[in-house]
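By convention in this document, chain letters (A, B, ...) are assigned in the order of the sequence lines, proteins followed by strands, and residues within each chain are numbered from 1.
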Amino acid sequence: MEKWSAATIRDFRKTLLDWYDEAGRDLPWRHGRNPYHTWVSEVMLQQTQVNTVIPYYENFLATFPTVADLAAADEATLLKAWQGLGYYSRARNLQRAAQQLMTDYQGKWPRTAAELEDLVGIGPYTASAIASIAFDQVVPAVDGNAFRVFARLLMIEADIAKPKTRQLFTEIIQPIVDPQRPGAFNQAIMDLGSSYMTAKNPDPAHSPVKAFDASYRAGRVLDFPVKTKAPRPKPMAYYGLIVHSPAGYLMVQRGANEMLTGYWSFPLVLQTDLHADDHQPMTLAADIAALEEQWRNDYQLPLKLTVVGGQPVSQTYTHQRWHVKLLMADLPTAMPLDFFPGKWVPAGEISALPLPKVQEKMMQRFAKQQDFDGFREN
DNA sequence: GAGACGTGGAC
DNA sequence: TGTCCAAGTCT
């Protein structure tokens, strides 16, 4: 691994910041220095690309202009504003932190990374980003870009998938951060990481910091950063139940102990739960019979399930891969939902609910198979 | 410390 | 199509 002299560090700062001042991106959250704006953008940008974030950011600030507005927002409005962005606990934590700010901090922002980390959803990266960008604290914001950029520049061999590696990078980058413009320095590293020093298709030959790039000199750019591979998503087979009555479609809100918390979908039943007792592989007909019996017994809902044609709806998450087979039933009367944890939703009102992507796919698949009038009229 | 946690883009 | 990647945090 390379080590830089004090002179090299000064040279690097100037080269980087000159480039940033000339070629840095003009992004909505880079206008002004409002810590709320910086915070919202940084949380949205966690594991999410800039182009995806921009429209969400604009809409979010229009909907919740201040920390106080966010703290007071109702959950459905919040989840709707986040719909499609993914990692939905970010939205929930954002609001909890806003409430923390209003109640525990009297609406006044803490100005250091260490204090910012006490807010829910703000980890070491986001705390440093806010502290440097909004409050000029001289700390490195160590995100995926910083890992990749400095791993290449200095040929750091540590595995960035290991949590412990963050400390090493923080210590290495800390003395390099420009003490006059720490926020610009950190954002310049991010711009570098998303242009000349991308993960898959870097262009190190034309990078403004080519002269500082040890991995380029060694012809080993793509050997850095070192990162162990993530496990494959686990396949999960579900039945998606489209239950219609004169009152609309049966919808359920996902609970706090499952993913997609707070979002609404058609009822989903894990196939393996249908025959938890006997581990026999079941036929589709047997699964349908088991589902009908279960719903009659547990919920007093006498379903007659039929298969919705087409391939199963598939949805890949970071750690799970869902295959959802759709079944439908039409109840002649709106059965009371005394035993079922859900509600009837008229077709025209479904889209007003916060919905995860898999629900939108289920509705599309269903609509393709059905006369969609049923959706519109009810 | 390993696994949970969403979605869309790039190849 | 499959696989990896994108401004991480929480448990």
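Contact annotation: A:His319 side-chain N/O to B:dG3 OP1/OP2 distance is not under 4.0 Å. Between A:Lys200 and B:dC11 there is no side-chain N or O to OP1 or OP2 distance below 4.0 Å. Between B:dG6 and A:Thr316, no contact under 4.0 Å exists linking OP1 or OP2 to a side-chain N or O. Residue A:Tyr87 places no side-chain N or O under 4.0 Å from the OP1 or OP2 atom of C:dA6. Residue A:Arg232 has no polar side-chain atom (N or O) positioned under 4.0 Å from OP1 or OP2 of C:dC4. Dashed line: the shortest gap from a side-chain N or O of A:Asn201 to OP1 or OP2 of B:dC11 is under 4.0 Å. The shortest distance between the side-chain N/O atoms of A:Gln47 and the OP1/OP2 oxygens of C:dG8 is below 4.0 Å. A sub-4.0 Å separation between OP1 or OP2 of B:dC5 and a side-chain N or O of A:Arg90 is absent.
The aromatic rings of A:Trp295 and A:Phe340 lie tilted to each other, with the angle between the two planes from 30° to 60°. The aromatic rings of A:Phe12 and A:Phe212 stand perpendicular to each other, their planes meeting at an angle above 60°, with 30° marking the opposite boundary. Using a 30° and 60° split on the angle between ring planes, A:Phe266 and A:Tyr249 fall in the tilted class, from 30° to 60°.
Residue A:Gln49 is the one, among A:Glu117 and A:Gln49, whose nearest nucleotide of DNA chain C lies closer to the 5' end (criterion: closest heavy atom). Mapping A:Leu27 and A:Lys229 onto DNA chain C by nearest heavy atom places A:Lys229 at the nucleotide closer to the 5' end. Remark on DNA chain B: of its neighbouring residues A:Lys361 and A:Lys162, the 5'-side contact belongs to A:Lys162, judged by nearest-heavy-atom nucleotide.
Atom CZ in A:Arg92 sits about 16 Å away from atom C1' in C:dT11, given to the nearest Å. Going from atom CZ of A:Arg166 over to atom C1' of C:dA7 covers 11 Å, rounded to whole Å. Separating the NZ atom of A:Lys227 from the P atom of C:dT3 is a distance of 16 Å, rounded to the nearest angstrom. Residue A:Tyr317 contributes atom OH, which lies 11 Å from atom P of B:dG8 at whole-angstrom precision. Summarising the geometry, the separation between OH on A:Tyr125 and P on C:dT9 is reported as 8 Å, rounded to the nearest angstrom. Atoms CZ (A:Arg148) and P (C:dC4) sit 16 Å apart, rounded to a whole Å. If you measure from atom CE of A:Met197 to atom C1' of C:dC5, you get 16 Å, rounded to the nearest angstrom.
At the heavy-atom level, A:Val50 lies under 4.0 Å from base atoms of the strands shown. Using a 4.0 Å heavy-atom distance criterion, A:Ala199 is classed as a sugar-phosphate-only contact. Base engagement by A:Arg30 is indicated by at least one non-hydrogen atom pair under 4.0 Å involving a base atom.
Minimum atom distance to the side chain of A:Arg25 is reached by C:dA7, of the listed C:dG8, C:dA7, B:dG6.
When the C1' atom is compared between C:dC10 and B:dG1, the two are found 13 Å apart, to the nearest whole Å. For C:dA7 and B:dC11, the P atoms lie 15 Å apart once the distance is rounded to whole Å.
Taking 3.5 Å as the limit, the base of B:dG6 and the side chain of A:Thr318 contain a donor-acceptor pair of atoms between them.
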